[in-house]
Amino acid sequence: MRLSYIIIALVVVIAIVIAALLTIPTRHEVPYVVIGLVKVPANAPKIVVSSVFNNGSRIPINYTCDGLNYSIPLYISNVPSNAKSIMIVMEDLNAPGGIFLHWVLYDVPPNITELPQGIPTQYYVPGIGYQGINDFGKVGYGGPCPPPGPPHEYVVIVLALNRELPPSNESDFDLIRSISVGDIVGYGVLIGYYGG
């Protein structure tokens, strides 16, 4: 008889635990698209990004290590109204050692529509934002500098974020890792090629 009470008690406890687990809200995973090291929400609004070269065309030499190594000028529109800041990421998708980070510029004001060429390679640029340490080991922009061979594909990603990032002297890689898919409320992509 005592055994039947124990069994009934166990059944009740298990039922309570199952009921409790069923009432816990499940974490909703946002579907995302991977662009190099960046994960963006698949259904996020698209930002319009352009530059002095056409999307999918060759990057002019002045924006590379073979020229003046100026940062690429960008023209940005269609940023969602709920954006709190913008982050710019530039990646080489064809680097021999894997994805190579050329630039992360963050905490850019969300109402900015144009970034000039040649942003100074310093940690903080007044009126523009903060820059991380690229994979060359330097602060700011490092232009395309591929080894001999076929042209490499460079992707510039403009991310509209729903928050600002705390200023910190971090690598581009760590800055990208500090944001989640849920932080991104819009994005745009510009692709250029260089090398060969």
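Bear in mind the structure is a predicted one, so any value in this text is a computation, not a measurement.
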Task: Leu175 and Tyr130, any side-chain heavy atoms less than 4.5 Å apart - done: no

Open item on the list: Is there a side-chain contact between Leu105 and Tyr141 in this structure, where contact means two heavy atoms from C-beta onward sitting under 4.5 Å apart?
Closed with: no

Open item on the list: Tyr75: which residues meet the ring pair (Phe, Tyr, Trp, His ring centres under 6.0 Å) condition with it, sequence neighbours left out?
Closed with: none

Task: Backbone N/O of Pro73 and side chain of Ser51: donor-acceptor pair under 3.5 Å - done: yes

Open item on the list: Looking at every heavy atom in both Ile59 and Met90, which two are closest together, and how far apart are they?
Closed with: CD1-CE, 4.4 Å

Open item on the list: Could you tell me if the side chain of Pro146 sits less than 4.5 Å from the side chain of Asn94, heavy atoms only?
Closed with: no

Task: Over all atoms of both residues, closest heavy-atom pair of Asn78 and Ile47 - done: O-CG1, 3.9 Å

Task: Shortest non-hydrogen contact from Pro80 toward Ala160 - done: CD-CB, 3.9 Å

Open item on the list: Taking the side chain as everything from C-beta on, heavy atoms only, tell me whether Leu159 gets closer than 4.5 Å to Tyr187.
Closed with: yes

Open item on the list: If we check side-chain contact (heavy atoms from CB on, under 4.5 Å) with Leu74, which of these qualifies: Ile119, Leu115, Val108?
Closed with: Leu115

Task: Where at least one partner belongs to residues 146-179, residue pairs that pass ring-ring contact (aromatic ring centres under 6.0 Å, His included), sequence neighbours excluded - done: His102-Tyr154

Open item on the list: Suppose we screen for ring pair (Phe, Tyr, Trp, His ring centres under 6.0 Å). Which residues come up paired with Tyr70, at least two apart in sequence or across chains?
Closed with: none

Task: Where at least one partner belongs to residues 110-126, residue pairs that pass side-chain hydrogen bond (donor to acceptor under 3.5 Å, both in side chains), sequence neighbours excluded - done: Tyr63-Gln117

Open item on the list: Is there a side-chain contact between Phe100 and Glu91 in this structure, where contact means two heavy atoms from C-beta onward sitting under 4.5 Å apart?
Closed with: no

- [ ] Answer yes or no: is there a side-chain heavy-atom contact under 4.5 Å between Trp103 and Val156?
- [x] no

- [ ] Measure the shortest side-chain to side-chain distance between Leu161 and Ile184 over non-hydrogen atoms and say whether it is less than 4.5 angstrom.
- [x] yes

Task: Qualifying salt bridge (Lys or Arg N to Asp or Glu O under 4.0 Å) pairs, either residue in residues 33-55, two or more places apart - done: none

Task: Asn82 side chain reached by Asn162 side chain, heavy atoms, under 4.5 Å - done: no

Task: Contact list for residues 177-196, test salt bridge (Lys or Arg N to Asp or Glu O under 4.0 Å), sequence neighbours left out - done: Arg163-Asp183

